[in-house]
Amino acid sequence: QVQLVESGGGLVQAGGSLRLSCAASGGTFSTRPMGWFRQAPGKEREFVTGISGSGGSTYYLDSVKGRFTISRDNAKKMMSLQMNNLKAEDTAVYYCAAGRNYGSISPSSIYEYWGQGTQVIVSS
């Protein structure tokens with residue numbers, strides 16, 4: 001069983017930056033792909049970015065490429081999302097998720113464990 005806790009959300013002006021963190025505990029971490037999802041009001045949850053267990057492979061939603069950077073520190077069981085040049089359309093609740101052991105980072109992969117979410121509001 002993996003527990004995930006996000007932090008770092010908040011209110012920021014358009015063009016600003018935020019850094020989200022996800023702390024994991026319990027279970028295995030380094031063998032699991034990790035991902036960030038988001039859900040805006042009235043919209044379905046969408047996959048934003050993912051990173052392989054080793055950190056060597058990443059995947060980004062087209063709309064965040066060049067602005068968001070995902071990273072992980074397996075020794076600390078931490079994952080981060082650096083978000084730069086934020087836009088109003090990035091406003092959402094952001095969720096950290098852990099995939100299955102040795103799973104892929106594809107958006108269609110199964111993510112087994114989820115954090116409670118952290119709110120990001122970008123004012124225009």
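For reference, positions follow the sequence shown, starting with 1.
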**Asked** Counting distance only, does the side-chain N/O of Arg38 pair as donor-acceptor with the main-chain N or O of Val93 below 3.5 Å?
**Response** no
**Asked** How far does CG of Asn84 sit from OG1 of Thr69, to the nearest 0.5 angstrom?
**Response** 6.5 Å
**Request:** Say whether, by atom type as modelled, one donor and one acceptor occur between the side chain of Glu6 and the main chain of Gln116 under 3.5 angstrom.
**Result:** yes
**Request:** Could you pull out all residues at least two apart from Glu44 that satisfy side-chain contact (heavy atoms from CB on, under 4.5 Å)?
**Result:** none
**Request:** Give a yes or no answer on whether the side chain of Arg67 reaches the backbone of Asn85 with a donor-acceptor pair at less than 3.5 Å.
**Result:** yes
**Asked** How long is the span from the CZ atom in Phe47 to the OG atom in Ser108, to the nearest 0.5 Å?
**Response** 9.0 Å
**Asked** So do Val120 and Thr91 actually touch side chain to side chain, heavy atoms under 4.5 Å?
**Response** no
**Message:** Within the 4.5 Å heavy-atom criterion, are Ser80 and Arg19 side-chain neighbours or not?
**Reply:** yes
**Item:** Student check: side-chain heavy atoms of Trp114 and Leu4 closer than 4.5 Å
**Value:** no
**Request:** Dump the intermediate steps for side chain to side chain donor-acceptor pair (under 3.5 Å) on Ser104 and Ser106, then the final yes or no.
**Result:** CA-CA 5 Å; Ser104 77; Ser106 164; 4.7 Å; no
**Asked** Are Trp36 and Ile105 grouped together when hydrophobic residues (ILVMFWY) are joined by side-chain heavy atoms under 4.5 angstrom apart?
**Response** no
**Asked** Which value, rounded to the nearest 0.5 Å, describes the distance between Ser71 atom OG and Gln82 atom CD?
**Response** 8.5 Å
**Request:** Could you point out which residue of Lys76, Lys77, Arg72 forms a side chain to side chain donor-acceptor pair (under 3.5 Å) with Asn74?
**Result:** Arg72
**Message:** Taking the side chain as everything from C-beta on, heavy atoms only, tell me whether Phe68 gets closer than 4.5 Å to Leu86.
**Reply:** yes
**Request:** Report yes if the side chains of Ser21 and Met78 come closer than 4.5 Å at any heavy-atom pair, otherwise no.
**Result:** yes
**Complete:** Nearest heavy-atom approach of Asp73 to Phe29 is O-CE2, 4.1 Å
**Request:** Determine, for Asp90 against Lys87, whether the closest basic-nitrogen to carboxylate-oxygen distance falls under 4.0 angstrom.
**Result:** no
**Request:** Find the distance between CG (Leu18) and OH (Tyr94) and round it off to the nearest 0.5 Å.
**Result:** 9.0 Å
**Request:** Treat each ILVMFWY residue as a node, draw an edge where side-chain heavy atoms are under 4.5 Å apart, and state whether Met34 and Tyr111 are in one component.
**Result:** no
**Message:** Whether the side chain of Thr49 engages the backbone of Ile70 through a donor-acceptor N/O pair (distance < 3.5 Å, no angle test) should be reported.
**Reply:** no
**Request:** Check whether any side-chain heavy atom of Met79 sits under 4.5 Å from a side-chain heavy atom of Cys96, and report yes or no.
**Result:** yes
**Message:** Assigning hydrophobic clusters by single linkage (Ile, Leu, Val, Met, Phe, Trp, Tyr; side-chain heavy-atom cutoff under 4.5 Å), is Tyr60 placed with Ile51?
**Reply:** yes
**Asked** Which value, rounded to the nearest 0.5 Å, describes the distance between Tyr113 atom OH and Arg32 atom CZ?
**Response** 5.0 Å
**Asked** Shared ILVMFWY cluster between Met83 and Leu61, side chains joined below 4.5 angstrom?
**Response** yes
**Asked** Within 45° of the axis and under 6.0 Å from the centre of the six-membered ring of Phe37, does NZ or CZ of Arg45 qualify?
**Response** yes
**Item:** Hydrophobic cluster membership, Val12 vs Val48, 4.5 Å side-chain cutoff
**Value:** yes
**Prompt:** Any donor and acceptor pair, going by atom type alone, linking the side chain of Ser52 with main-chain N or O of Ser57 inside 3.5 Å?
**Reply:** yes
**Fill in**
For Leu11 and Ser123, the nearest pair of non-hydrogen atoms, with its separation, is CD1-CB, 4.4 Å
**Prompt:** Partners of Thr58 by side chain to side chain donor-acceptor pair (under 3.5 Å), sequence neighbours excluded?
**Reply:** none
